[in-house]
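We count ligands from 1, going down the list as the structure has it; atoms in each ligand are counted the same way. Just the heavy atoms: all of them, side chains too, but no hydrogens, waters or symmetry mates, feed the values below. When a residue number appears, it is its place in the shown sequence, counting from 1.
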Amino acid sequence: MKDPLDLLDTSSLLSEEERDIQATVARFLADRVRPHLPEWFENAHFPRELAPELGKLGLLGMHLEGYGCAGVGAVAYGMACLELEAADSGLRSFVSVQGSLAMYSIWRYGSPEQKQQWLPKLAAGEAIGCFGLTEPDFGSNPAGMRTRAVRDGGDWILDGTKMWITNGGLADVATVWAGTDEGVRGFLVPRGTPGFTTHDIERKLSLRASVTSELILQGVRLPESARLPEARGLGAPLSCLNEARFGIMFGAVGAARDCLQTALAYADARIQFDRPISAFQLTQRKLADMAVSLNTAMLLAVHLGRLKERGRIRPEQISVGKLNNVREAIAIARECRTILGANGVSLEYSPLRHANNLESVLTYEGTSEIHTLVIGQALTGQSAYR
Ligand code: TGC
Ligand code: FAD
């Protein structure tokens, strides 16, 4: 059946394989996840047992080649993110952090032994990874990080704190970025390493169905074999962010689509002044404006996905996608909430849950201000961060 929200037939831009992947993910979520989302959100619960199921579906590190990863194209990966975030941003975040940050950092910068040790388990969801870049005093400006790694004979000693780390409290292995005398370096810190503890952040109003933690490193001794040998400088963690930001650009479209589907159905069923509220011009204006934004966000995502598949995407183009699509998605989620009236503030309906989640998405992986400045720098040649 034709989807009325796909005004521009954007689905015709997808291959059969991409549509199949999208449909498989959507079916899994409908059966296994959607019925539980309000409860998970309310109880601030991420079901760890989902990890092997996501692994079995091939969703963990799905755009990476080898080591049990599915090796699909960028748009197929994006469509999986879209469906995951149509359910809940917390779920997409789990998959993004596992595949695009934790696994990608090892896949791109790890030694053959590190790849063999971690990637197959992470791809299967038998192990969970996290990625620690942000610190309490350094979020948008990771160059200032205080976490230090100092050589001690053949070993390294790490000290510092990472903050707001998705999957931190669940992770079997953390990719931790630290300053050294030679610049920023990455380290793999297994759970249980003496001196390494995590502390989950509570009372979040956003991304509640996701674990977010503080990582504390106090005199953590690691062998040289725990260092990611190919990662040199801040460019290494920033290159991992490109991967995750790419998935978010598609994910945000999914959250927006779910809100708009909910609002459209509600507007059709809800009668006021003896008419469905969908028959009022003011409601139709909201719906039409949102459908235009949704479709243009989707076009942008697919276009950038095709550039990525050709190996031609640039960081500032990913910033355009992340900035636009998250900004549009949060505006859509809030507007849909208004169409639901009082029911819009209930967890029985998804728009306000999505809007609250998107507050985090607007901030993490580079705030909207940082992406604006990335684009500004690409336009003018001038860096305005400092
Ligand atoms: P700058 O001097 O511009 O760059 C330092 C080096 O990095 C290179 N570089 C990049 N390389 C690859 N991809 C990119 N996007 C890159 N951006 C910069 C650059 O060429 C340079 O290389 P080299 O060889 O010359 O040393 O760095 P800066 O200190 O001026 O900062 C630039 C800025 C502000 C854009 C950057 O710091 C930034 O992106 N800040 C935002 C931080 C951020 O996004 N943190 C996210 C943490 S992870 C997370 O939020 C996970 S959320 C959970 C989920 O994903 O679901
Ligand atoms: P700040 O950098 O302090 O920014 C505060 C405000 O100042 C923002 O509006 C910002 O745009 C603005 N600002 C900062 N600098 C400038 C400037 N130069 N010009 C104009 N405005 C500026 N991090 C990880 O490393 N790993 C994770 O897995 C992870 N998961 C997260 C999960 C959640 C739920 C959240 C909320 C965050 C997560 N983060 C993670 C952290 C996230 O990346 C940071 O929150 C983000 O980079 C912003 O940093 P900050 O919160 O310290 O804000």
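- Comparing heavy-atom distances from atom 5 (C) of ligand 1 across L234, V374, T363, T134 singles out L234 as nearest.
- By the 3.5 Å distance cut-off applied to N or O atoms, N141 is not counted among the residues near ligand 1.
- Neither the backbone nor the side chain of I318 has any atom closer than 4.0 Å to an atom of ligand 1 (non-hydrogen atoms only).
- Not a single heavy atom of G233 sits under 4.0 Å from any atom of ligand 1.
- Within 4.0 Å of atom 17 (N) of ligand 1, at least one protein heavy atom is present.
- Using a 4.0 Å cut-off between heavy atoms, S140 contacts ligand 1 through its backbone alone, with no side-chain atom that close.
- There is a side-chain donor-acceptor pair under 3.5 Å between N141 and R386.
- From the protein, the heavy atom lying nearest to atom 32 (C) of ligand 1 is Y385 CE1, 4.1 Å.
- Under 4.0 angstrom from ligand 1, the non-hydrogen atoms of R245 all belong to its side chain.
- Ligand 1 has at least one atom lying under 4.0 Å from a heavy atom of L101.
- When only non-hydrogen protein atoms are considered, atom 6 (C) of ligand 1 lies nearest to G235 N, 3.8 Å.
- Residues with a heavy atom under 4.0 Å from ligand 2: F131, L133, T134, G139, S140, W164, I165, T166, L207, T212, S360, T363, Y364, E365, T367, E369, L373, Y385.
- Annotation: F187 is in aromatic contact with W156 [ring centroid separation under 6.0 Å].
- Contact annotation for T166 and ligand 1: only side-chain heavy atoms (C-beta onward) come within less than 4.0 Å of the ligand.
- Under 4.0 angstrom from ligand 1, there are no non-hydrogen atoms of L373.
- Taking the six-membered ring where tryptophan is involved, the planes of F94 and F46 are essentially parallel, since the angle between them stays under 30° and well short of 60°.
- Summary of contacts: the protein heavy atom closest to atom 56 (O) of ligand 1 is S93 OG, 2.7 Å.
- At the shortest separation from atom 1 (P) of ligand 1 among protein heavy atoms lies L238 CD1, 5.0 Å.
- Heavy-atom distances between S383 and ligand 1 stay at or above 4.0 Å for every pair.
- Summary of contacts: the protein heavy atom closest to atom 15 (N) of ligand 1 is N242 OD1, 2.9 Å.
- The proximity of L241 to ligand 1, defined as any non-hydrogen pair under 4.0 Å, is limited to the side chain.
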